[in-house]
Amino acid sequence: MAQMSYLEAGRLALAEEMRRDPRVWALGEDLGRGGVFGQYRGLQEEFGPERIVDAPISEAAIMAVAVGAAMAGTRPVVEMRFSDFALCAVDELVNQAAKARYMFGGQCRVPLVVREPIGMWRSSAAQHSQSLEAWYVHIPGLVVLAPSTPADNRALLKAAIRCDDPVVYLEHKNLWPLRGEVPDAEEVAEIGRARRLRFGEDLTIVSWSATVHAAADAAEALAEEGISVDLLDLRSLWPWDREAVLESVARTGRLLVAHEAVRVAGFGAEVAATVAEELGVPVARLGAPRVPVPYSPPLEAELHVRPEAIAAAARRLLERRATPCDPQRR
Amino acid sequence: MIEAEAPRDLDRARLVTLFRVMVAIRRFEELALEAAREGLVTGAIHPSIGQEAVAAGVCLELRREDYLLSTHRGHGHSLAKGADPFAMAAELMGRKGGTANGKGGSMHIADFSVGMLGANGVVAANIGIAAGAAHAVRLSGEDRVVCCIFGDGAVNRGPFLEGLNWAAIHRLPVLFVCEDNGFAATTRTRALTAGPGPLARARALGIDGLEVDGNDALAVSEATRALLAEIRGGNGPRFLHAKTYRLCGHTQADAGTYRSAEEVEEQRKRCPIARARALLRGAGLDERALSALEEEARAPIEAAFAAARAAPWPEPELAFTDVQDFGAEAPTRTPESAPWRR
């Protein structure tokens with residue numbers, strides 16, 4: 001086991017896949033000098049400017065080139081710099097990459113990975129802080145992954161690069177320096193499998209990306225009060241691990257979903273609705289209020305889903321009766 | 001009847017080939033419109049009647065292994081690249097055996113077996129994709145050229161700038177073809193477009209090219225050949241601006257009220273098929289030989305439409321295939337309960 005950061009683990013995964021498969025290449029702005037966060041540092045030195053390609057600030061072209069290059073037999077890894085900038089390339093991702101295989105009747109695959117750094121980080125404000133995973137999960141044809149640990153960033157990015165579907169790969173900017181154990185052996189994650197952080201019996205908490213760590217802190221605090229939490233990190237948002245979530249909630253009888261994205265129509269709504277439909281148990285969601293992300297630290301802090309809020313929501317959920325037709329439900 | 005004297009150096013064999021392909025394209029779209037009138041083509045089609053010289057002149061110069069990316073008005077391009085007319089006709093009618101088994105329709109025809117990487121329903125979207133296909137050709141060390149055909153409306157979208165810029169900075173083997181029929185959907189493009197035109201915009205990005213009469217099949221063919229030679233010589237992308245005119249509506253539902261009948265009649269005198277026919281007549285082919293050529297060109301198209309009309313519907317389960325490997329949803333209805341099934 002080696003200790004490394006989330007950022008280093010992603011870089012290791014890309015380097016390993018580029019050594020393994022000459023069809024893999026990366027394109028994006030400032031990649032030659034290591035990428036805006038350093039997640040590509042040293043790669044152009046190893047693989048050359050033909051495979052670590054510096055792109056103009058042309059998100060639509062970057063994505064479209066990746067679509068064409070993927071259809072023509074290569075496996076591009078697209079860097080979007082900030083997930084917010086990927087909105088300049090929505091046609092290329094949603095109308096082209098996600099649809100080509102289907103609308104051409106299976107004549108092609110579009111095996112590209114779009115790396116989109118997400119999330120609130122250092123007063124980045126409204127155009128550099130968003131978590132828009134729910135948009136992508138809504139689009140048939142796309143796979144959506146959101147790692148929360150260094151080990152997962154390596155294993156999931158490797159799985160994404162080997163996947164023949166277009167993959168939206170969401171890395172949280174606040175997690176770049178997070179250090180953790182990464183296995184020495186090359187691990188390729190199984191897409192669609194959740195990771196259980198702790199086993200519990202009183203309620204299930206489902207989360208992903210950076211909010212997993214807030215949920216883990218909340219579960220720790222709740223344990224001290226004698227409340228045992230079954231905590232799942234989805235890791236893969238499409239496909240998502242329905243079986244693991246349903247198995248867990250069938251045991252605990254209650255579900256809380258916590259994510260950083262805006263709560264309204266967030267992916268937590270899909271998870272909660274599925275559990276309510278299948279099991280009829282009390283569910284709750286935590287997410288950001290429906291406001292743009294502000295700049296000033298005390299304002300930005302208003303939006304964060306903190307461990308205290310998760311623990312409080314868990315206590316409220318436990319006070320509710322576990323019958324689906326309870327008239328007292330709010 | 002257009003009279004024309006054949007120039008002394010006329011490449012008659014090439015013109016015969018161009019003529020046959022143009023006649024086939026025209027017949028395909030006439031039969032597509034007929035099928036649409038009968039309700040057999042359920043979605044929109046965008047015919048290219050009057051523009052056949054661009055499709056034939058450009059695509060016949062491509063090799064089978066070269067890639068082609070086309071537009072919503074792409075029937076002619078696909079046919080000239082060698083796509084199967086039955087599969088195309090069946091696709092228009094949403095039938096099994098169509099290029100996508102009826103999952104794409106007219107705007108999403110593709111035939112990867114002949115390098116036809118897809119028509120596109122979004123104007124200018126194919127430009128960046130073409131640059132990407134060419135980038136893959138470069139990375140893989142393959143000997144192919146990518147041809148990207150788009151309309152005059154596309155030059156006002158951002159991907160025109162971004163895609164041409166990408167191809168230019170990487171000196172990629174792409175032939176960009178602006179098939180200029182004068183209308184962005186149903187509005188005159190010149191009223192919507194600043195500056196001296198598409199080729200000037202390409203040249204501003206360092207991409208040289210040619211302007212050509214897009215209703216002169218031989219001229220399109222010769223210009224394409226010259227530009228492809230430069231591209232194959234490793235000189236980077238080139239640009240062809242072919243000026244033509246759409247004699248039919250924007251779609252089968254467009255009566256063309258934004259232009260006068262006189263204007264269309266005047267343009268009909270420039271019909272590329274009639275012009276090629278007159279040239280061949282002047283070059284010594286008699287009426288019988290020309291009629292025989294036309295019959296030969298039309299027959300496989302007519303057979304294709306007859307077969308497509310008789311083709312079965314796709315099984316309802318096909319709605320659920322080829323979505324994605326991970327997380328694909330299973331069919332939710334039994335075939336018997338599918339309400340659209342006839």
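Each chain gets a letter, A, B and so on, in the order its sequence line appears, and its residues count up from 1.
- Residue Arg23(A) does not touch chain B at all, counting heavy-atom pairs closer than 4.5 Å.
- Remark: Arg95(B) is positioned above the aromatic ring of Trp313(B), its terminal NZ or CZ atom under 6.0 angstrom from the ring centre and at most 45 degrees off the axis.
- Ring planes of Phe239(B) and Phe176(B): tilted class, angle from 30 to 60°.
- Ser106(B) and His46(B) share no donor-acceptor pair across their side chains, judged by distance under 3.5 Å alone.
- Proximity to chain A is limited to the side chain of Asn165(B), based on heavy atoms less than 4.5 angstrom apart.
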Pair Tyr102(A)-Gln324(B), side-chain hydrogen bond (donor to acceptor under 3.5 Å, both in side chains): steps then yes or no: CA-CA 8 Å; Tyr102(A) 188 84; Gln324(B) 56 192 120; over 6 Å; no
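- Using a 4.5 Å cut-off between heavy atoms, Ala319(B) contacts chain A through both its backbone and its side chain.
- No option in Trp238(A), Trp208(A), Trp135(A) other than Trp208(A) meets the ring-ring contact (aromatic ring centres under 6.0 Å, His included) test with Phe267(A).
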Steps toward side-chain hydrogen bond (donor to acceptor under 3.5 Å, both in side chains) verdict (Asn156(B), Thr193(B)): CA-CA 7 Å; Asn156(B) 288 324; Thr193(B) 308; 3.0 Å; yes
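- Taking chain B as the reference chain and counting heavy-atom pairs below 4.5 Å, the highest number among Cys108(A), Cys88(A), Pro166(A), Ala98(A) is found for Cys108(A).
- Only the backbone of Leu142(A) comes within contact range of chain B, with heavy atoms under 4.5 Å apart.
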Glu270(A) vs His138(A), side-chain hydrogen bond (donor to acceptor under 3.5 Å, both in side chains): CA-CA, chis, key distance, verdict: CA-CA 10 Å; Glu270(A) 174 67 24; His138(A) 192 70; over 6 Å; no
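- Ranked by heavy-atom pairs shorter than 4.5 Å toward chain B, the options Val143(A), Thr74(A), Ile191(A) are led by Ile191(A).
- With a threshold of 4.5 angstrom between heavy atoms, Ala119(B) approaches chain A through N, CA, C or O but not through any side-chain atom.
- Residue with the most contacts toward chain B among Met63(A), Glu92(A), Met71(A): Met71(A) (heavy-atom pairs, distance under 4.5 Å).
- Proximity to chain A (any heavy atom under 4.5 Å) is restricted, for Ile169(B), to the side chain, taken from C-beta onward.
- The choice from Cys163(A), Gly106(A), Gly141(A) that makes the most heavy-atom pairs within less than 4.5 Å of chain B is Gly141(A).
- Most heavy-atom pairs under 4.5 Å with chain B: of the set Gln96(A), Arg51(A), Lys99(A), this distinction falls to Gln96(A).
- Residue Val53(A) touches chain B through its side chain alone, counting heavy-atom pairs closer than 4.5 Å.
- If you measure heavy-atom distances from Ala55(A) to chain B, the contacts under 4.5 Å come from both the backbone and the side chain.
- The aromatic rings of Trp25(A) and His135(B) sit parallel to each other, their planes meeting at less than 30°, with 60° as the upper class boundary.
- Note on Thr99(B), Asn101(B), Leu139(B): by heavy-atom pairs under 4.5 Å with chain A, the leading option is Leu139(B).
- Looking at Arg64(B), its side chain does come within 3.5 Å of a backbone N or O of Ser113(B) through a donor-acceptor pair.
- Listed for the Asp208(B) side chain is no donor-acceptor partner under 3.5 Å among the backbone atoms of Arg203(B).
- Contact count against chain B (heavy-atom pairs under 4.5 Å) is highest for Ser58(A) among Ser58(A), Ala60(A), Ala100(A).
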